[in-house]
Student: 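Dropping a structure here in structure tokens format, bear with me for questions.
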Number of protein chains: 2
Amino acid sequence: MLDLDDFLPYRLNVLAKRVSRELARRYEAQFGISIPEWRVMAILGREQPLSSNDIVERSAMDKAKVSRAVTSLVEAGLLSRDTHPSDQRLLRLSFTDKGRALYERIAPLALEWQQRWLNCLDDVELAQFKALSAKLEGQLEQLARDVL
Amino acid sequence: MLDLDDFLPYRLNVLAKRVSRELARRYEAQFGISIPEWRVMAILGREQPLSSNDIVERSAMDKAKVSRAVTSLVEAGLLSRDTHPSDQRLLRLSFTDKGRALYERIAPLALEWQQRWLNCLDDVELAQFKALSAKLEGQLEQLARDVL
DNA sequence: ACCACATCGTTTCATATGAAACGAATATGC
DNA sequence: GCATATTCGTTTCATATGAAACGATGTGGT
């Protein structure tokens with residue numbers, strides 16, 4: 001029989017939504033930044049400058065969402081949006097000083113929060129969980145391809 | 001440094017969203033039913049009749065969402081919505097014949113799909129994954145409570 | 001009996017979402 | 001070169017979302 005509490009797609013959704021809610025509560029309250037905006041920041045924290053499309057590829061967000069997040073961040077003075085010199089369709093997104101400063105304040109807090117969350121698992125368990133998640137994601141891609 | 005690909009809240013969200021998308025594709029295409037609607041059906045499949053509030057408690061959905069899903073299902077002729085005899089605030093929701101028939105068609109397919117997804121893990125791995133998910137969810141509740 | 005308060009489900013409202021249409025810029029085929 | 005197709009990012013549009021207001025019903029205290 002189908003028991004929703006044992007149906008993994010459902011369980012995962014509940015878990016993921018709760019994590020998001022907890023995190024969003026902190027981002028938004030303390031820094032006035034939404035989750036999509038924070039994702040853009042996090043990606044730029046690793047690599048800069050990037051086009052919107054680069055961010056779409058690295059973020060699993062659709063381009064409309066990225067476009068809106070970028071617009072907000074530019075309006076908030078956190079990102080600069082220049083056009084690529086040799087291809088005017090592309091943006092060149094990078095932190096302003098203010099943006100980088102904010103990133104450097106948030107990133108450690110996000111990691112620290114994650115740490116507090118994950119410390120209910122030991123190292124082996126955490127590694128297992130990540131590995132199994134990756135397997136499940138891989139399998140999902142298989143199934144998605146089969147349908148097409 | 002913060003690497004989004006290694007940031008579990010993000011990874012979980014991506015995974016959960018992809019699973020939902022895959023499942024929704026099947027529910028909606030084949031049965032004309034949304035995920036919130038399907039959740040209501042799944043809960044009623046286990047226990048009947050229930051009030052909207054019962055479903056809220058069992059489903060991790062907010063009451064507005066449940067209300068809308070129930071309305072759709074009633075309009076589609078899949079649920080009957082009677083009022084509780086001794087407390088007129090409560091609904092008594094149960095399957096119509098058509099609703100039960102649909103449930104009995106979908107449930108095995110959902111389980112079978114889950115089966116195909118999860119068969120990338122062996123039994124031990126699956127048990128581990130579920131146990132670790134549960135731990136993470138428990139810890140999340142702890143952290144949420146600390147903030148309040 | 002009455003009044004204040006709580007509970008149930010619906011509805012309203014402001015916001016978030018993503019698919020698709022779009023305009024601008026570039027690449028490709030002929 | 002020029003017409004066509006493709007890519008990039010924005011905007012539009014229809015829908016989904018959840019917090020809060022709401023009306024209806026019940027409960028409890030006096």
Side-chain angles (χ1 to χ4, degrees), chain A residues 13-14 16-18 20-25 27-29 32-40 43-44 49-75 79-94 144 148, chain B residues 13-14 16-18 20-25 27-29 32-40 43-44 49-75 79-94 144 148:
Chain A
N13 256 286
V14 171
K17 177 146 282 192
R18 288 198 176 141
S20 280
R21 189 194 304 284
E22 282 308 304
L23 263 184
R25 200 150 88 188
Y27 292 157
E28 285 176 23
I33 207 173
S34 72
I35 285 200
E37 285 159 24
W38 164 245
R39 284 192 186 169
V40 170
I43 287 168
L44 286 172
L50 292 175
S51 70
S52 284
N53 224 29
D54 293 333
I55 294 175
V56 168
E57 284 167 6
R58 288 163 177 69
S59 72
M61 300 195 281
D62 66 286
K63 61 185 182 173
K65 209 178 206 174
V66 170
S67 171
R68 292 189 263 247
V70 165
T71 300
S72 288
L73 291 169
V74 170
E75 281 169 0
L79 296 190
S80 74
R81 169 170 46 191
D82 312 299
T83 58
H84 190 98
S86 72
D87 184 343
Q88 304 199 17
R89 293 170 306 181
L90 277 63
L91 299 181
R92 279 169 45 106
L93 298 166
S94 37
L148 300 183
Chain B
N13 256 286
V14 170
K17 177 145 280 192
R18 288 199 177 140
S20 280
R21 189 196 304 283
E22 281 309 303
L23 264 183
R25 200 152 89 189
Y27 292 157
E28 285 175 25
I33 208 174
S34 72
I35 286 201
E37 285 159 23
W38 164 243
R39 284 192 186 170
V40 170
I43 287 168
L44 286 171
L50 292 176
S51 70
S52 285
N53 224 29
D54 292 333
I55 294 175
V56 168
E57 284 167 5
R58 289 163 177 69
S59 72
M61 298 196 280
D62 67 287
K63 61 185 182 174
K65 208 179 206 173
V66 169
S67 171
R68 292 189 263 248
V70 165
T71 300
S72 287
L73 291 168
V74 170
E75 281 169 3
L79 297 189
S80 74
R81 169 169 45 188
D82 311 300
T83 59
H84 189 98
S86 71
D87 185 342
Q88 303 198 14
R89 293 170 307 180
L90 277 63
L91 298 180
R92 279 170 44 105
L93 299 166
S94 36
L148 300 183

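Residue numbering restarts at 1 for every chain, and letters A, B, ... go by the order of the sequence lines. Owing to the predicted nature of the structure, the values given are computational and were not obtained by experimental measurement.
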Student: When you get a sec, tell me which of D/dT10, D/dC8, C/dT10 is the closest nucleotide to the side chain of B/Arg81?
Tutor: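 For the B/Arg81 side chain, the nearest candidate turns out to be C/dT10.
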
Student: Separation of A/Glu57 atom CD from D/dC8 atom C1', in whole Å?
Tutor: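 These atoms are roughly 12 Å apart.
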
Student: Measure from CD on B/Gln88 to C1' on D/dG26 and round the result to the nearest Å.
Tutor: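 Answer to the nearest Å: 10 Å.
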
Student: What is the separation between atom CG on A/Asp82 and atom P on D/dC8, rounded to the nearest whole Å?
Tutor: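 Going from CG in A/Asp82 over to P in D/dC8 covers 18 Å.
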
Student: Of the options C/dT10, D/dC8, C/dC8, whose atoms approach the side-chain atoms of A/Leu90 most closely?
Tutor: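 Closest nucleotide to the A/Leu90 side chain: D/dC8.
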
Student: Out of C/dC8, D/dT10, D/dG26, which nucleotide sits closest to the side chain of B/Asn53?
Tutor: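 That would be C/dC8.
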
Student: Give a yes or no on whether a donor-acceptor pair under 3.5 Å exists between the nucleobase atoms of D/dG18, that is its base, and the side chain of B/Arg68.
Tutor: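 Yes.
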
Student: Would you say the side chain of A/Met61 lies within less than 4.5 Å of the side chain of A/Ile43, judging by non-hydrogen atoms?
Tutor: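 With C-beta onward as the side chain, the pair stays apart.
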
Student: Can you confirm whether more than 12 heavy atoms, excluding those of A/Arg21, are under 6.0 Å from its CZ atom?
Tutor: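 No, not enclosed.
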
Student: D/dC22, OP1 or OP2 - any side-chain N/O from B/Arg89 closer than 4.0 Å?
Tutor: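 No, no such contact exists.
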
Student: Rounded to whole Å, please give me the gap between CD1 in A/Ile55 and C1' in D/dC8.
Tutor: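 Spelled out: CD1 on A/Ile55 to C1' on D/dC8 is 13 Å.
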
Student: Separation of B/Ile35 atom CD1 from C/dT17 atom P, in whole Å?
Tutor: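 Distance, rounded to whole Å: 16 Å.
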
Student: Taking 4.0 Å as the cut-off, does a side-chain nitrogen or oxygen of B/Ser67 come that near to OP1 or OP2 on C/dG9?
Tutor: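 For C/dG9, neither OP1 nor OP2 has a side-chain N or O of B/Ser67 closer than 4.0 Å.
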
Student: With sequence neighbours left out, which residue pairs that include part of residues 63-74 of chain B fulfil the side-chain hydrogen bond (donor to acceptor under 3.5 Å, both in side chains) condition?
Tutor: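 Of all non-adjacent pairs touching residues 63-74 of chain B, those that pass side-chain hydrogen bond (donor to acceptor under 3.5 Å, both in side chains) are B/Glu37-B/Ser72.
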
Student: Donor-acceptor pair under 3.5 Å: do we get one between B/Lys65's side chain and the base of D/dG18?
Tutor: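 No such pair is found, so the answer is no.
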
Student: Find which nucleotide of DNA chain C each of B/Arg21 and A/Pro85 is nearest to by heavy atoms, and output the residue with the more 5' nucleotide.
Tutor: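 The 5'-side residue here is B/Arg21.
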
Student: Going from CG on A/Asp54 to CG on A/Leu93, what distance comes out if it is rounded to the nearest 0.5 angstrom?
Tutor: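 CG of A/Leu93 is found 9.0 Å from CG of A/Asp54.
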
Student: Which whole-number value in Å describes the distance from A/Trp38 CH2 to C/dA16 C1'?
Tutor: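 So the two atoms are 21 Å apart, to the nearest Å.
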
Student: Rounding to an integer number of Å, can you tell me how far B/Leu50 CG sits from C/dC8 P?
Tutor: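 In whole Å, C/dC8 P lies 13 Å from B/Leu50 CG.
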
Student: Rounded to the nearest 0.5 Å, what separation is found between the CD atom of A/Glu28 and the CD1 atom of A/Ile33?
Tutor: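 Interatomic distance, A/Glu28 CD to A/Ile33 CD1, rounded to 0.5 Å: 9.5 Å.
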
Student: Which of the following nucleotides, C/dG9, D/dA19, C/dT26, is nearest to the side chain of B/Ala64?
Tutor: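 Of all the options, the side chain of B/Ala64 is nearest to D/dA19.
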
Student: Out of C/dG18, D/dG18, D/dT10, which has the shortest distance to the side chain of B/Lys17?
Tutor: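 Among the listed nucleotides, the one closest to the side chain of B/Lys17 is C/dG18.
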
Student: Could you check how far CG of B/Asn13 sits from P of C/dA16, rounded to whole Å?
Tutor: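 My rounded result for the distance is 16 Å.
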
Student: For B/Ser51, report the nucleic acid contact type (base, sugar-phosphate, nothing); a contact means any heavy atom under 4.0 Å.
Tutor: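 Answer is sugar-phosphate: B/Ser51 comes under 4.0 Å of backbone atoms only.
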
Student: Side chain of A/Lys63 only, heavy atoms from C-beta on: which candidate in C/dA21, D/dG26, C/dG9 is closest?
Tutor: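 The closest nucleotide is C/dA21.
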
